[in-house]
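Have a look at the structure below, then the notes.
Note on naming: letters A, B, ... go to the chains in the order of the sequence lines (proteins, then strands), and numbering restarts at 1 for each one.
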Amino acid sequence: MSQPTVELPKPRGNRAKFLVGGLLIVAAIIYLIASSTQASAQYFLTIEELKARADEVVGREARISGAVLGDTIQYDPQSLQLSFEIAHVPGDNKEIEAQGGLAAVLHAAVNDPSRPRIKVIYHGVKPDLLRHEAQAIVTGKLGEDGVFYAEELLLKCPTKYEEALPDQAGS
Amino acid sequence: MVAEIGFGALIVAFVVSIYGILAGLYGARRHAEPWLESGRRAMLLTWPLITLSVVCLVALLVGGHYEVQYVYNVSSRFMPLYLRITALWGGQAGSLVFWSWLMAAFAAAATLRKWDRDREFLPWVIVVTLVTLAFFLGLVIFVENPFVRFWQMPDGRQAVAMFAPRGATPLVPMDGRGLNPLLRHPGMILHPPMLYLGFVSFVIPYAFGVAALVTGRTDDRWIRITRRWTLVAWLFLSLGLILGSRWAYDVLGWGGYWGWDPVEIAAFMPWLSGTAFLHSVMIQEKRGLFKRWNMILIILTYALVIFGTFLTRSGVLSSVHAFAQSAIGPLFFGFIAFTFIGSMGLLLYRWNDLRSEGVMTSLLSREALFLLNNLLFMGILVVCFWGVIYPLISEIFTGQKVTVGPSYYERSTAPLFAALLLLMGIAPLSAWGHSTLKTLGRALWKPLIASIVVVIGLWVGGIRAWSALLAFWLVALVSLVTLYEYYRAVVARHRRTGENYLRALWNLAGRNRRRYGGYIIHLGVVLMALGIIGIELFQTETQGTVQPGGSLRLGDYTMLFQRLDVFDTQDGRNVARAVVSVFKNDRYVGELHPRRDFFYDSQQTMTIPGVRSTMEDDFYVILVDWQSSAQGITFKIYHNPLVNWLWVGGLVFILGTLVAAWPDREAESPRARAAQTLAVQGA
């Protein structure tokens, strides 16, 4: 560029000062990220995996998903205690697609008594969507007693209507 | 017919964009002014073309043309006119068209500015802007076409295609599925356009940044040209985020405003890097430092904008694993990689030309504190980015899906936000160039002591949690420093000019809009912080099942359940609406109507809380369940102290941004003028 520039003598000592300060902050941020990741990591597990690795998973935050078995749902509106059983479904989306989509997978899961199952206990209001063959996604901890104590409960109902094509008007 | 016109206009716009890119490139290479002019006009033309397409799509939506798949998916007969129009951005394909339209509006506006002083930027601004636009138009045309229609095949099958397959007859459904009920809220009418406006307007500063890199203009011209663009982009992005939070608070019915959901984070990340950019360009303007860093920030912001558009647009996203399922995922990643690597390559090529014109000397100088501010914003950005990609990384390296929840973000960003607040209290008082503890202390001690008095007051008032006391101290410090800065400047001006105080305040803000607008923004942030502290640290909740006449208590509040009405509405909803009376310290304060709406067309429910809102606190009632239990109706109640300050602060924040972005009479800073004088003398 045509602008005249004046070369200033660079005070070296300053540079080190800024470098050290910057590195300290970067180190603090890295520490924050690492420790928070450690503290709030949630393991995504299928029920099969949960059962297989029960020893190491007990007491740690985990997120599991399974098909709800309708006749196991028990709810006490006074104490707001809700319990139900869920059956193993594959965790991988591709595998679910290969087996004919979520609705088919859930249907197969509840009708197959050989599938691993687990009891879930949750405190709170019973969601409308909690019914037979719904997919429950629960976050919480596996207790020593083999029951999964959920802190968060999400439900998905595969609506056939998602894939459906419309009807002709007037037909 | 309308669908064909809309689709045709998109194709023409796409071709015109490609032509504009080529004309710009050729014009730049040959220094051929007519080609440049032609490219400029091509860029201008894209807007009316896409406008035509948008008009067609809106006409289809309003006219209820359910043979068009997009119309079928996002609208229904029950929907009122304004919702049919806003359904334009209610689904993926339509929102991509909408995005392109806004992008083209900004591109067209950029062509209309005076180009005589920096003509060498023009071709590259055209190329960068139109490449971005062409990418989105390409997506719309080839992958996510909103104009595709249903067809009845001769063999009885149904098909979805743009043009009639051989022998097919049009298939016209009676009614559409209707817009997702969650999107039928006034907040949702404004929130997405604001967010998109914020996204697309960041493309312009990026285009100028790239133009500066290509042409080798290493001064701060590109920053000066785009200063207002950047502020406007930032304003819209901030508005989008605030409106989104408000919508979540009003509609989602979980008593919160921000859930650290990947989609939210996607919109938050460009805001973070954009905020860092807004601060750090000031150092380049004042001191000629951080030229490379500013380039990195604008490149990063652009990449995050594209990434954010992608994340927020693939509506299905509940985890990062949804990426692979969308056809447009790989295209987006390809485009981000292409633009990011390309611009970083350019930056490396110009690396040595972008040397700083000076050095930082003092750790407490204004520029050093700005640098610290940048580090902290980048820190929060890295926290967010890590949180979003962590499941992918953990799966690649350990084969185990691991996610991090909101607690991860809260834990790791809280200290960084606190440090930013502290910095906001100190930095405005430090001087450019050189500042010591002594000079800083002299400016700081009065507000500092006053803020400590506030904390002692709170302690006496019964607040004992150290995190709350620390947070309130920071809030008090920043507000006092900011108000004190205003006060000092107004008094000085009053003494100097003899203007009355109000006039002095007005003129002061008018003379240096960025500085005093910035202070208003800081005050807005502090007020928002007050609301966030209130809800994060002092929120209480309870739930219970009651019969009519029964009541629930939470703190000073009592809620008396009167009755429940269940009825159908004209617009296709089944509404369950509870009537509850609210008492505070046993005094009647009002009636609330928490309700559940069930939408017949989309088979979805929506929970709308009843909220009694004051500056002191919100009493927030959700109707959870009224069917499954014989014992009565289940409610969930939240007590959210101070949360209203979040929205008040948001308004102040926006006001400050408007002040800062308002056109200045003085276009050039003293430094630029000095450089000009030098250049003239040198010549």
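A distance of 11.0 Å separates OH of B:Y409 from OG of A:S36, quoted to the nearest 0.5 Å. With values rounded to the nearest 0.5 angstrom, A:T37 atom OG1 is found 6.0 Å from B:W386 atom CH2. For the atom pair A:I33 CD1 and B:C384 SG, the distance stands at 9.0 Å (nearest 0.5 Å). Distance OG/B:S412 to OH/A:Y31: 11.5 Å, rounded to 0.5 Å. Atom-to-atom distance recorded for A:E61:CD and B:S407:OG is 7.0 Å, nearest 0.5 angstrom.
At least one side-chain heavy atom of B:P415 sits less than 4.5 Å from a side-chain heavy atom of A:L32. Counting heavy atoms from C-beta outward, A:S35 and B:R411 have side chains that approach closer than 4.5 Å. Taking 4.5 Å as the limit, every side-chain heavy atom of B:T403 sits out of range of all side-chain heavy atoms of A:Y43.
Pairing each heavy atom of A:I29 with each of B:L375, the nearest pair is CD1-O, 4.0 Å. Scanning all heavy atoms of the two residues, the minimum distance from B:V402 to A:A41 falls at CG1-CB, 3.5 Å.
In this structure, chain A has heavy atoms under 4.5 Å from both the backbone and the side chain of B:Y408. Residue contact with chain A, scored on non-hydrogen atoms closer than 4.5 Å, is absent for B:I380.
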